[in-house]
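Pasting a structure below so you can have a look.
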Amino acid sequence: MSTWERFLDTFFNAKVMARYLPDILSGVVVTIELAVLIVISGLAAGLALALLRSLGVRPLNWLIVFVVDLFRSLPPLVIIVLMYFGLPAAGLSPSGFVSTWLSLAFVLMAFSEEIFWAGITSIPKGQWEASRSTGLSYGQTLMNVVLPQALRLTIPPLTNRTIAITKGTALGTVVAVTEILGQASSAVSNSYNPSPLMMGAAAYIVLFFPVVVAGRWIETKFAWKR
Amino acid sequence: MIQSFFNAEIAAAAMPIVLDGLLNTILLSLLVVPLGLLGGLILALLASVRHPLVRWPLMAWVDFFRAFPPLVLLVLLFAGLPFAGLELGGFACVAIAFFLNTGAYYGEILRAGIDSVPSGQIEAARSTGLSRLQSMAYVVLPQAVRNVLPDLMSNTLEVVKLTSLGSVVAVPELLFQARQAQSVTYNPTPIVMAAVIYFLILWPLVRLLSRLENRALAARR
Amino acid sequence: MAKTIVEARGLHKHFGALHVLKGVDLDVAERELVFVIGPSGSGKSTLLRCLNRLEEPSAGSVVVDGIDLLDPKTDINHARQRIGMVFQSFNLYPHMTALGNVTLALRKVAGKSRAEADAIGRKALERVGLADRADHTPGQLSGGQQQRVAIARAIALEPRVMLFDEPTSALDPELVGSVLGVMRDLRADGMTMVVVSHEMGFARAAADRVLFMDHGVVVEEGPPAAIFENPTQDRTRAFISQIQRH
């Protein structure tokens, strides 16, 4: 066997790959489930916090800023580990899946709140005044005049941040979530062959590369035109 | 509740172990941040050659690492390379993975920074006799860095947080040490300690960043 | 005696330590055009903004068309439909077309269907001479056209009174005429108007009454000829000669 053949046989072993393909695919499903849950709940919670903050209730805003700062400062893996290994001491035992979902959703909530809030505050005061002068209420002005402009402004930074945080689903492997990396790792130790890991890597690229490219396109499309 | 989450006795016992981890996290950060910046600078300088044959492969390279979870990269190096006869150890794997992953992020930021400097600046510098490289180093880069400073700082924050991945490949940084202490004491206090330490160290940076970012977004209009 | 549309009494406004309005009274009769002039910082814009409660007066009362604006029981959003406002910086919504700008409040506050609102909106745009620009966004319009859309946005709600806050100050000189033309048409149609502006020529030709404000009080008021030709107060005289030198 030449070196090249030996390399292929080790890293892209067809037999091993065929054997563990179903495992990897089930990992893909778990990764997608996690990602969708994180994106939806994280962005929704972030927007809700930003809207709450726009009401301008002082003590409430301090609390929001503190929560946001907290989840921006802590490494996601630390939050996941704390939930999974720490909460049982308080009588709660979230599964690895739930720990990963909630942790990353909190992180996305924090980052997106910050971005939504920056978008809302960047809309000039005159927009509020013009709308209020025609009789629209605070809420109507927020929804019809301010948010549409703010969201357009926030889409590029939001897209990049969402992708970066969603990739973190791989961290779930540390708390025994059977997502792609978890499936691939256990397949490697069962088969004594790195091919499943290469499959897992390929699966991530197939999943996330199109999203990154789409993000780049969105970034140019939504760049604010003067 | 307090007994289990912040047990003073366990905290005292775990303190030396956790502080050991903090020291390693700091050392690791001091290694991987410059390493990532170096990787990013190389990418950005290459991208400033505005030839499509250079730019497109670079963009694909950057997007590849933006799509690839850093933990997967790290595990690939740590668990995959030994099958090719290369045993690098956790520390070296972390260094390589960060060079590639955070290098791509820094590279993208620096490229945007260089793009934001008007081409008249290079022309003016070249007209006074400065070489391409000199114009880049003395005229373009300082302005580019200033223009994207919030993004650079934000990415640096992410890199420091990312060093916690070292725990997965047995690098004795803050999270790893805390988990060691936790598994010995059967009590989550050490992990809470690690979280508090991360928060105390990184909070000032987060505060500063949120101010800078608010200003940056407002200026985009 | 014509009906009184705006009745402001003893208006005071503090911004922190700044006392911007120091007891201002203002009555505006139906179909009357009142012009407010004065140096910057005199409180004239604040007075105007108190008349639709964009600024909350610190003391005093504002009654517009029989509705007490400062009564907590008043639905201010409903009342504001009856008080049109035009801003110095247009404040058009950049993410909507001209027609979208005009119809938003018709749909959301007046409860009109989209078709009804569109019909009213197009008529309003026609009145300001921009029927053919209904589908343009503000970014595609000149400053003068933007301000006329802003006027259409206000008149589409059929207000009882229109407030103009320096409507031509942000415009290039060659675009001022088109906006003043629209205001003149409104006047001819009998709209009640309060205008804060430095357009003295327009004031002379169209105003029924001119108020000169300085340091938060009305220094002097009267018909335009009297204020411009024979002011009784030194401060008024100084201000008018300064304005006319430019």
Side-chain angles (χ1 to χ4, degrees), chain A residues 43 46-48 50-52 54-58 61 112 115-159 215 217-226, chain C residues 45 48-49 51-56 74-96 100-111 117 121 124 137-140 146-147 149-159 161-165 170:
Chain A
L43 291 180
L47 183 59
L51 293 178
L52 212 55
S54 79
L55 294 178
V57 184
R58 272 279 171 80
N61 284 6
S112 64
I115 295 171
F116 284 130
W117 175 245
I120 290 172
T121 50
S122 72
I123 303 305
K125 213 170 128 236
Q127 292 290 311
W128 286 93
E129 291 184 345
S131 172
R132 296 306 303 274
S133 80
T134 60
L136 268 73
S137 67
Y138 179 90
Q140 285 175 320
T141 302
L142 192 62
M143 289 302 163
N144 294 289
V145 175
V146 175
L147 264 192
Q149 298 181 55
L151 289 184
R152 194 189 165 86
L153 221 54
T154 55
I155 280 173
L158 211 52
T159 314
W217 177 78
I218 286 171
E219 201 164 334
T220 45
K221 175 121 204 296
F222 282 85
W224 195 259
K225 288 184 202 88
R226 280 190 160 277
Chain C
S45 280
L48 201 68
R49 293 156 59 86
L51 299 183
N52 68 350
R53 236 180 89 186
L54 273 187
E55 223 62 84
E56 200 75 40
T74 297
D75 178 354
I76 187 67
N77 297 326
H78 194 75
R80 276 178 179 152
Q81 284 188 77
R82 325 231 56 200
I83 312 167
M85 185 159 203
V86 175
F87 300 84
Q88 179 178 353
S89 50
F90 328 140
N91 296 344
L92 289 185
Y93 314 134
H95 61 302
M96 295 179 180
N101 268 274
V102 176
T103 54
L104 180 66
L106 284 169
R107 290 193 288 122
K108 298 294 171 181
V109 190
T137 57
Q140 300 167 322
Q146 289 191 49
Q147 192 60 302
V149 172
I151 293 174
R153 175 170 67 186
I155 60 175
L157 295 162
E158 296 182 0
V161 55
M162 289 273 291
L163 313 174
F164 290 85
D165 190 3

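As the structure is a computational prediction, the values presented were derived from the model and not from experiment. Reminder, nothing fancy here: chain letters follow the sequence lines and each chain counts from 1. Side-chain atoms are counted along with the backbone in the values below, which use heavy atoms only and exclude waters and symmetry mates.
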Side-chain touch C:Val109/A:Thr134, heavy atoms, less than 4.5 angstrom: no
For C:Arg82, all residues meeting salt bridge (charged side-chain N to carboxylate O under 4.0 Å, His left out), sequence neighbours excluded: C:Asp65
Heavy-atom contact with chain A under 4.5 Å, split by part of C:Ile83: backbone
Nearest atoms (heavy-atom pairs only) where C:Asn77 meets A:Arg132: OD1-NH2, 3.3 Å
CD (C:Glu158) with more than 12 external heavy atoms under 6.0 Å: no
Partner residues of C:Met96 under the side chain to side chain contact (heavy atoms under 4.5 Å, CB included) criterion, sequence neighbours left out: C:Tyr93, C:Asn101, C:Leu104
Heavy-atom proximity to chain A below 4.5 Å, by part of C:Arg53: neither
Contacting moiety of A:Gln140, where chain C heavy atoms sit under 4.5 Å: side chain
Heavy-atom pairs under 4.5 Å with chain A, option from C:Arg49, C:Met85, C:Gln81, C:Lys108 with the top count: C:Lys108
Contact summary for A:Glu129 and C:Leu54, nearest pair of heavy atoms: CB-CD1, 3.9 Å
Nearest non-hydrogen partners of A:Ser133 and C:Asn52, listed with the distance: CB-ND2, 3.7 Å
Side chain, backbone, both or neither of C:Leu92 within contact of chain A (heavy atoms, under 4.5 Å): backbone
Backbone of A:Ala150 reached by a side-chain donor or acceptor of C:His95 within 3.5 Å: no
